[in-house]
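Shown next, in structure tokens, is the structure this report addresses.
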Protein chains: 2
Amino acid sequence: MARPRKEQELDIPRRAVEETIRLLAQQGDFGVPLTAVAQAVGCTAPALYGHFRNKNALLRAARDEGFGRLYNEKFAVFEQMRGDPLGYLRDGSYAYARFALENPTLYRLMFSPPPKLGVSDDPWSSEASRQVLSLLLTGLRSSQEHGYLPGADLRRYGFMFWSTIHGAVSLNIQNRLLDHAAKWDSTQSVIDALMEMIAATGPAKHPITS
Amino acid sequence: MARPRKEQELDIPRRAVEETIRLLAQQGDFGVPLTAVAQAVGCTAPALYGHFRNKNALLRAARDEGFGRLYNEKFAVFEQMRGDPLGYLRDGSYAYARFALENPTLYRLMFSPPPKLGVSDDPWSSEASRQVLSLLLTGLRSSQEHGYLPGADLRRYGFMFWSTIHGAVSLNIQNRLLDHAAKWDSTQSVIDALMEMIAATGPAKHPITS
DNA sequence: GCCTCAAACTTAATATCATTCAGTTCTTGG
DNA sequence: CCAAGAACTGAATGATATTAAGTTTGAGGC
């Protein structure tokens, strides 16, 4: 047997990415053998080379798919929250954190990839993550229009905001001593604290210092 | 030739860790071949197995050494800054960020290690990083005694503080489009913003909102 | 000083992958 | 029905981690 019949066509590119993400999660490590991916897809390892230059290209594709999924989740929240910028910042951050905590290995692939992959990864200019960031910036800009963060440099605040959440999520993912719920609580508490700080800059309701 | 003469003893454990860290930096990747480490040390790959159970154990040792070096740098700042808690928090953070940006691959090994390594990595309870964190907490506690962060839960603030800096450093390390100076500026600006926020909670000098 | 043994290595040997090569079988345009 | 290329497969290659087996050296007992 060599070339498959038309009935049994597999759409290898899509399935390979899908199975790679699944195996990444299952093994908790980037070192997923190509053979394993191929077997999960239902072909042999060399067949993958017809669709991806090499293993790094497959991992890059999985990474891009990860950014796509993250964007979709954040975008869904964004649409639900029109008119409530602070609500969007909060729930969008929750969605981000949930994605990261539920897909820890994929998240690591997205944000701490081995340089070998050859991704450039400027959060401000890269193809994949640009859209995710732009949602955050839109939320911040909208918040500013509602009177929060008066006069703040949004680019700067955006980076800091993202840094805090990314940092919290990364440290929690890393911490094997915590179970899923504890990681979530810890991350959520960071997001809540961040939101309180932003809320405090707005149309005076709460004082910032206790 | 089999066992080396006494004159040419090598202290393989120490040198292996040292060379591993050097090769990690040089290759920018965890995938340093054991053969390369062995060659740099001046022995053969199997010889390393007399001192480390396997490659992961060697990487763990390099990681621990990394935490040791980071602690030393932060501790030096700590001693210079006795009596100036906010100054320590600022310069200690600078030292942390400088370490991370100057040793990006080692930093990634410390904070985003492949789960294969078998490290547990609770920043709050792990052997290696505990001391680094305790310096931060001491700085925060001391700041509180000087009137800053009144009534704040330090454990909580400590985690948030660390998350922000770790996040900023991680994102900047990742960003290949920035040169070293730009990464440093970006990180420093996050640290400065953080310090301003803490300063604003103290013996009223600056208002927090602009 | 000599002998034995464990220590500390070395050189082969093995296993696991990624990647490349050389076919083999469908499909499709003529 | 035929030719050519597409899409795979199975075997071959090469890099590494790890284990096995063999060799030399240093130290303690005599």
Side-chain angles (χ1 to χ4, degrees), chain A residues 1-17 19-24 26-63 105 109 113-119, chain B residues 1-20 22-24 26-63 105 109 113-119:
Chain A
M1 45 182 125
R3 177 176 183 163
R5 307 239 170 120
K6 210 162 193 181
E7 312 113 42
Q8 14 173 314
E9 267 199 299
L10 281 175
D11 190 12
I12 287 182
R14 192 167 306 279
R15 298 221 42 223
V17 168
E19 294 297 336
T20 298
I21 289 178
R22 198 178 56 74
L23 290 166
L24 234 33
Q26 184 185 309
Q27 307 212 358
D29 199 285
F30 302 160
V32 175
L34 267 195
T35 309
V37 175
Q39 186 180 331
V41 167
C43 64
T44 61
L48 298 172
Y49 285 79
H51 306 276
F52 302 94
R53 188 186 308 287
N54 53 29
K55 188 181 179 180
N56 285 340
L58 173 58
L59 286 175
R60 270 199 303 275
R63 183 170 175 272
T105 307
L109 180 63
K116 282 186 162 178
L117 284 202
V119 294
Chain B
M1 45 183 126
R3 174 174 184 167
R5 310 241 170 119
K6 210 162 192 179
E7 312 113 40
Q8 15 174 313
E9 267 200 298
L10 282 175
D11 190 11
I12 287 182
R14 191 167 307 278
R15 296 220 42 221
V17 168
E18 192 180 309
E19 294 297 334
T20 298
R22 198 177 57 73
L23 289 166
L24 235 32
Q26 185 187 307
Q27 306 212 0
D29 200 286
F30 303 160
V32 175
L34 267 194
T35 309
V37 176
Q39 186 180 331
V41 167
C43 64
T44 61
L48 297 172
Y49 285 79
H51 305 276
F52 302 93
R53 188 187 306 287
N54 53 28
K55 187 182 179 180
N56 285 341
L58 173 57
L59 286 175
R60 269 199 305 274
R63 182 170 175 273
T105 307
L109 179 64
K116 283 187 162 179
L117 284 202
V119 294

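Convention: sequence-line order gives letters A, B, ...; per-chain numbering from 1. No experiment lies behind these values; they were computed from the predicted model shown.
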Phosphate-side-chain proximity, A:His51 and D:dC8, N/O vs OP1/OP2 below 4.0 Å: yes
Please determine if a side-chain N or O atom of B:Thr44 lies less than 4.0 Å away from the OP1 or OP2 oxygen of C:dC9. no
B:Leu58 CG - D:dT16 P separation (whole Å): 16 Å
Expressed in angstrom and rounded to an integer, what is the separation of B:Arg15 atom CZ from C:dC9 atom P? 12 Å
Taking C:dA12, D:dA11, D:dC8 as options, the one with an atom nearest any side-chain atom of B:Pro46 is C:dA12
When you measure from the side chain of A:Asn54, which nucleotide among D:dT9, C:dT19, C:dC17 comes out closest? C:dT19
In whole angstrom, give the distance that lies between atom NZ of B:Lys116 and atom P of C:dT16. 13 Å
Less than 4.5 Å apart, side chain to side chain, heavy atoms only: is that true for B:Leu59 and B:Val32? no
Just the rounded figure in Å: distance from P of C:dT10 to CG of B:Leu34. 14 Å
Looking across every strand, which nucleic acid part, if any, lies under 4.0 Å from B:Val37 by heavy atom: base, sugar-phosphate, or nothing? nothing
Length of the CG-C1' vector between A:Asp11 and D:dA7, whole Å: 14 Å
Without decimals, in angstroms, what is the distance between A:Leu48 CG and D:dG10 P? 14 Å
Measure from the side-chain heavy atoms of B:Pro33 and tell me the nearest of D:dC8, D:dA17, C:dA18. D:dA17
Nearest whole angstrom, please: distance from the C1' of D:dT19 to the NZ of B:Lys55. 17 Å
So for atom CD, which belongs to A:Gln39, do other residues, nucleotides or ligands contribute more than 12 heavy atoms lying within a distance under 6.0 Å? no
Any heavy-atom pair between the side chains of A:Leu109 and A:Ile21 that's under 4.5 Å? no
Looking at side-chain heavy atoms only, is the closest gap between A:Pro115 and A:Leu117 below 4.5 Å? no
Least distance between heavy atoms, A:His51 atom then A:Pro13 atom: ND1-CG, 3.4 Å
What's the OH-P distance between B:Tyr49 and C:dT10, to the nearest Å? 14 Å
